[in-house]
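Okay, so here's the structure we're looking at.
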Protein chains: 2
Amino acid sequence: MNGRRPFPNPQALRVFLCVAQEGSVGRAALSLGMTQPGVSQHLQALETQIGQALFHRQGRRLVLTKTGQDLLPQARRVVQALEEFVQAAQALERLERGRVEIGAATTMAVYVLPRYLTEFKRLYPEIRIKLESGSSERLTQRLLQGELELAVVEAVEHLEGFERQLFYEDELVVIVPPEHPWARKEEIAPEQLAEVPLIVREPGAMTFRVLGSALEQAGLEVNPIFYTDNHEVTKRLVLEGAGVGIVSSVVVRPNVRVGNLRALRLKGLELRRLFWLFYPKELGNPAAEALKNTLLS
Amino acid sequence: MNGRRPFPNPQALRVFLCVAQEGSVGRAALSLGMTQPGVSQHLQALETQIGQALFHRQGRRLVLTKTGQDLLPQARRVVQALEEFVQAAQALERLERGRVEIGAATTMAVYVLPRYLTEFKRLYPEIRIKLESGSSERLTQRLLQGELELAVVEAVEHLEGFERQLFYEDELVVIVPPEHPWARKEEIAPEQLAEVPLIVREPGAMTFRVLGSALEQAGLEVNPIFYTDNHEVTKRLVLEGAGVGIVSSVVVRPNVRVGNLRALRLKGLELRRLFWLFYPKELGNPAAEALKNTLLS
DNA sequence: CATTTTTTATAATATCTACTTATGAATGGA
DNA sequence: TCCATTCATAAGTAGATATTATAAAAAATG
C-alpha cells in the first residue's frame with residue numbers, strides 16, 4: 001500500500017472552508033489560486049471520504065448541508081493549527097523566539113561569557129539562553145550527544161561532524177599580593193616557584209594540568225600547599241597573604257580584579273590555554289547560529 | 001504547477017511526533033505501520049521545509065533539537081485537530097450528533113408531526129431537529145434550494161432529483177357543534193352548504209383550494225362568512241355556534257378534538273388531500289436519513 | 001422561446017508525492 | 001575485529017493532485 005492518507009487532506013479542508021465562505025466553486029478556486037476543477041475534485045474527495053454531503057447542489061447553487069455546517073468549525077481548527085505551526089517555525093527562524101543551550105568551561109562561563117550573553121540578549125530579547133558550565137571533557141561529551149549546540153572548551157582533538165573557531169586565548173599567570181617582594185616584577189623564573197607556598201586549582205582542573213605539564217617539560221617540580229576549586233578563592237587566599245597563586249589571566253583582567261593583586265608571567269614557560277567554540281557543521285537552529293555569530297564577532 | 005503543498009504534510013507531523021515519542025526512527029515506523037525509510041524521508045522533508053533541524057543525529061541516537069522541542073506542541077495540536085475532525089464526522093454518521101431541518105405544511109406540523117418527532121427524539125436524543133411550518137409551495141421552494149432536507153407537503157408535481165413517499169392521507173370534513181341539526185348525520189349533500197354560514201381557511205391556504213376546486217367541479221358555489229388562518233380558530237367559532245366549519249380531518253381526530261364537535265363527510269365529493277414526504281435522492285445526512293425512516297415507519 | 005453566458009462537473013493527462021524494497025554506512029556491543 | 005543494529009540513500013511504483021480541454025446544466029438575454 002502506498003500513497004495512502006490516514007486522515008483528511010488539509011488542502012481539501014482549506015478548499016472546503018473557502019467554498020463555504022465564497023459560496024461558489026469558481027470564486028473559491030480564484031481565491032485559492034488554483035483552477036476550478038481542482039476545487040470540485042477536492043470537495044468530492046472529502047465528501048466521499050467522510051461519507052456525507054457537505055454541500056447541497058441545486059443547479060449552480062451551493063448550500064452548506066447541516067453536516068457541512070457542523071463540520072465547518074472543526075475544519076477551521078485544523079487549518080488554523082497548521083498555520084500556527086508554520087508561523088511558529090517562521091518565528092523561530094526570524095529569531096522572534098527560540099532557545100539555545102551553550103556549554104562553557106567554568107573559567108569562560110564565569111569571566112568571559114557574561115558580557116557576550118548580555119550583548120546577545122540585547123540583540124534578540126526573546127531568545128532564551130541556557131548556559132551550562134563544567135569541565136571541558138563533560139561539555140564536549142554533551143556536545144557530541146546533541147544536548148548542547150555550542151560549547152566553549154579547550155580543544156581536545158578534532159570532533160567529527162563539528163567545526164571550531166578560536167574563541168579566547170588565555171594564559172596562566174602568577175598572582176601575588178601588592179606587598180609581596182615580587183609585586184613590582186613583570187615576570188619571574190619558574191624555579192622560584194619552589195621557594196614559595198603555592199595555591200593552585202585542584203588536580204582535576206585543566207588549569208592544573210596545563211601548569212603541571214609545562215613544569216614537567218621544564219624539569220621542575222612544585223609543591224602546592226592549597227588546592228582550590230575556584231579562582232575567586234585563590235585570589236582571596238593570595239590577598240590574605242596565604243601564598244602565591246597561579247590562575248588564568250582572565251581572572252585578574254581590569255574589570256574582574258579584586259584588591260590590588262599583581263600578575264606576573266613565568267619566564268620561558270608557555271602556559272597558554274586556547275578556548276575554542278565548537279559547533280555542529282549544520283547546526284540548523286537559527287538561535288544557535290545567531291549566538292555563534294555574536295560570540296565570534 | 002501541480003502537487004504543491006502550501007503547508008506541511010500532517011502525515012509528516014504525525015511521524016515527527018511519533019519519532020519524538022519513541023526516540024527512534026525504526027520504532028516509530030513500526031508504531032505507525034510503515035517502513036523505516038518512509039519515516040526517515042518524512043522527517044527530512046519536514047526539516048528542509050521549515051529550514052531547521054528537528055533532531056540531532058549523533059550516530060544512531062536521535063535527540064530533539066531545541067527547535068524540535070519548540071515545535072512539538074504545535075505539531076501535536078495539528079494532529080489532534082485532524083483527529084477531532086474525523087471524530088466529528090464519525091459522530092455525525094453514528095447519529096451521536098447532528099441536525100435536521102424539516103419542513104411541513106402547517107396542518108401536518110401542528111397535528112401530525114409532533115408525535116413522530118417525539119419518537120425520533122427518544123431514538124436519537126442528541127440530534128437537533130428544526131421544524132419549519134408553512135405553505136406547501138414555500139416549503140417545496142426551500143427544499144429545492146437545499147435549505148430543507150425533508151418536507152411534508154402536498155404534491156405539486158414530480159421534483160427532479162427528489163423522491164417522495166406518501167406520508168398522510170387527509171380529507172376535508174364539515175364540522176358542526178353538538179347541538180346542530182346535522183350533528184347526528186354521517187354525511188350531508190354538498191348543496192346544503194349553501195344554506196349555512198360557512199367558516200373556512202383563507203383563500204391562500206391549500207385547504208381552501210381543495211375545497212374550492214371540488215365544489216367547482218360539482219358546479220356549486222358557497223359563500224363563506226369567515227376566513228381564518230388557523231384550524232383552531234375555526235373549531236372555536238364552530239363550537240360557539242358561529243357557523244359550520246370545513247377543516248382537515250386530522251384536526252378533529254380523537255386526541256385533538258375540542259369539545260364535542262361532530263365531523264361529517266360531504267356526500268359524493270372527493271376532498272382528499274395527500275401529503276407526501278419529499279427528500280433528495282441522495283440526502284447524505286445520516287440524521288436526515290434517520291428522521292425519514294422514522295416518519296415512514 | 002431559442003441563444004448566449006455563466007458555472008459546475010467530468011475526462012484525459014502530466015507531474016509530484018508517499019510509499020515500497022534493496023542496499024549502504026556508521027555505530028555500539030561481543 | 002566482527003557482528004548486530006539502526007539510520008540514510010537509491011530506485012521504483014502506485015496513487016494523489018494538479019493541469020487543460022470539454023461537456024452539461026442553469027441563469028440571463030434578446
Side-chain angles (χ1 to χ4, degrees), chain A residues 1-16 18-20 22-49 53-64 141 144-146 159-162 280-282 284, chain B residues 1-16 18-20 22-49 53-64 68 141 144-146 159-161 281-282:
Chain A
M1 192 185 339
N2 53 3
R4 102 202 129 91
R5 178 170 303 286
F7 36 44
N9 182 347
Q11 178 71 356
L13 294 183
R14 216 162 67 134
V15 166
F16 168 40
C18 196
V19 172
E22 300 284 343
S24 141
V25 173
R27 258 173 300 160
L30 205 66
S31 153
L32 289 164
M34 55 193 290
T35 55
Q36 169 265 317
V39 173
S40 283
Q41 289 165 22
H42 265 304
L43 275 188
Q44 289 175 48
L46 191 56
E47 286 182 327
T48 57
Q49 197 163 33
L54 295 170
F55 291 95
H56 224 280
R57 277 103 163 152
Q58 170 52 23
R60 59 172 59 176
R61 261 173 70 94
L62 282 182
V63 190
L64 272 173
Q141 193 68 21
L144 284 170
Q145 291 181 346
L159 299 179
E160 186 61 33
F162 290 81
K281 269 203 177 76
E282 322 256 330
Chain B
M1 185 185 340
N2 54 5
R4 98 201 133 95
R5 181 173 298 289
F7 36 41
N9 181 347
Q11 177 72 356
L13 294 183
R14 217 163 67 134
V15 166
F16 168 40
C18 195
V19 172
E22 300 283 343
S24 142
V25 173
R27 256 173 302 160
L30 206 64
S31 152
L32 289 164
M34 55 192 289
T35 54
Q36 169 265 316
V39 172
S40 285
Q41 290 166 21
H42 265 303
L43 276 188
Q44 288 174 50
L46 191 56
E47 286 181 326
T48 55
Q49 196 164 32
L54 295 169
F55 291 95
H56 226 279
R57 276 102 163 154
Q58 170 52 24
R60 59 173 59 178
R61 261 173 70 96
L62 281 183
V63 189
L64 271 174
Q141 194 67 22
L144 284 170
Q145 291 182 346
L159 299 178
E160 186 60 35
K281 269 206 177 71
E282 322 253 328

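Side-chain atoms are counted along with the backbone in the values below, which use heavy atoms only and exclude waters and symmetry mates. Computed from a predicted structure; not experimentally measured. In the text below, chain A, chain B and the rest are named by the order of the sequence lines, each starting its count at 1.
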For nucleotides 9-11 of chain C, print each protein N/O atom paired with a nucleotide N/O atom at under 3.5 Å, atom names and distance only.
| residue | atom | partner | partner atom | Å |
| --- | --- | --- | --- | --- |
| dA9(C) | OP1 | Arg57(A) | NE | 2.9 |
| dA9(C) | OP2 | Ser40(A) | OG | 2.7 |
| dA9(C) | N7 | Gln36(A) | NE2 | 2.7 |
| dA9(C) | N6 | Gln36(A) | OE1 | 3.2 |
| dT10(C) | OP2 | Gln44(A) | OE1 | 3.2 |
| dT10(C) | OP2 | Gln44(A) | NE2 | 3.2 |

### Query
Are OP1 or OP2 of dT17(C) and a side-chain N or O of His42(B) less than 4.0 angstrom apart?
no
### Message
Can you measure Leu13(B) atom CG to dT17(C) atom P for me and round it to whole angstrom units?
### Response
16 Å
### Message
For Gln49(B) versus Pro8(B), what's the shortest heavy-atom pair and its separation?
### Response
OE1-CA, 3.7 Å
### Message
I want to confirm an ordering. Mapping Ala45(B) and Arg27(A) to their closest nucleotides on DNA chain C, which one lands closer to the 5' end?
### Response
Arg27(A)
#### Entry: Separation of dT6(D) C1' from Phe55(B) CZ (nearest whole Å)
15 Å
#### Entry: Between the first and last five pairs of the helix from dC1(C)-dG30(D) to dA30(C)-dT1(D), the angle of the axes, rounded to 10 degrees
20°
### Query
Quick one: Gln11(B) CD to dT17(D) P, roughly how many Å, whole number?
12 Å
### Message
Measuring from atom CG of Leu43(A) to atom OG1 of Thr48(A), what distance do you get when rounded to the nearest 0.5 angstrom?
### Response
10.5 Å
## Note on the structure
In whole angstroms, the gap separating C1' of dA26(D) from CG of Leu144(B) amounts to 14 Å
### Query
In whole angstroms, how far is the C1' atom of dT6(C) from the CD atom of Glu22(A)?
17 Å
### Query
Quick one: CG on Asn9(A) to CD on Gln11(B), what's the gap to the nearest 0.5 Å?
11.5 Å
### Task
Look at Asn9(A) and dA16(D) and indicate whether a side-chain polar atom (N or O) is within less than 4.0 Å of OP1 or OP2.
no
### Query
Does any non-hydrogen side-chain atom of Ser31(B) lie less than 4.5 Å from one of Arg27(B)?
no
### Separation of Met34(B) CE from Cys18(B) SG (nearest 0.5 Å)
10.0 Å
#### Entry: Spacing of CD belonging to Gln44(A) relative to CG belonging to Leu46(A), to within rounding of 0.5 Å
11.0 Å
### Message
Students often get this wrong, so: under 4.0 angstrom with heavy atoms, is Gly38(A) touching a base, only sugar-phosphate, or nothing?
### Response
base
### Task
Ignoring hydrogens and angles, state whether a donor on the side chain of Gln36(B) or Ser40(B) is under 3.5 Å from an acceptor on the partner side chain.
yes
### Message
What is the distance, to the nearest angstrom, from the CG atom on Leu30(A) to the P atom on dA18(D)?
### Response
16 Å
### Query
Of the non-hydrogen atoms in Leu62(A) and Arg57(A), which two are nearest, and what is the gap between them?
CD2-CG, 3.4 Å
### Task
Check for a donor-acceptor pair, side chain of Glu47(B) on one end and backbone N or O of Phe55(B) on the other, with a separation under 3.5 Å.
yes
### Task
Check whether any side-chain nitrogen or oxygen of Thr35(B) sits under 4.0 Å from OP1 or OP2 of dC19(C), and answer yes or no.
no
### Query
Taking CG from Leu46(B) and P from dA8(D), how many angstroms apart are they, rounded to a whole number?
14 Å
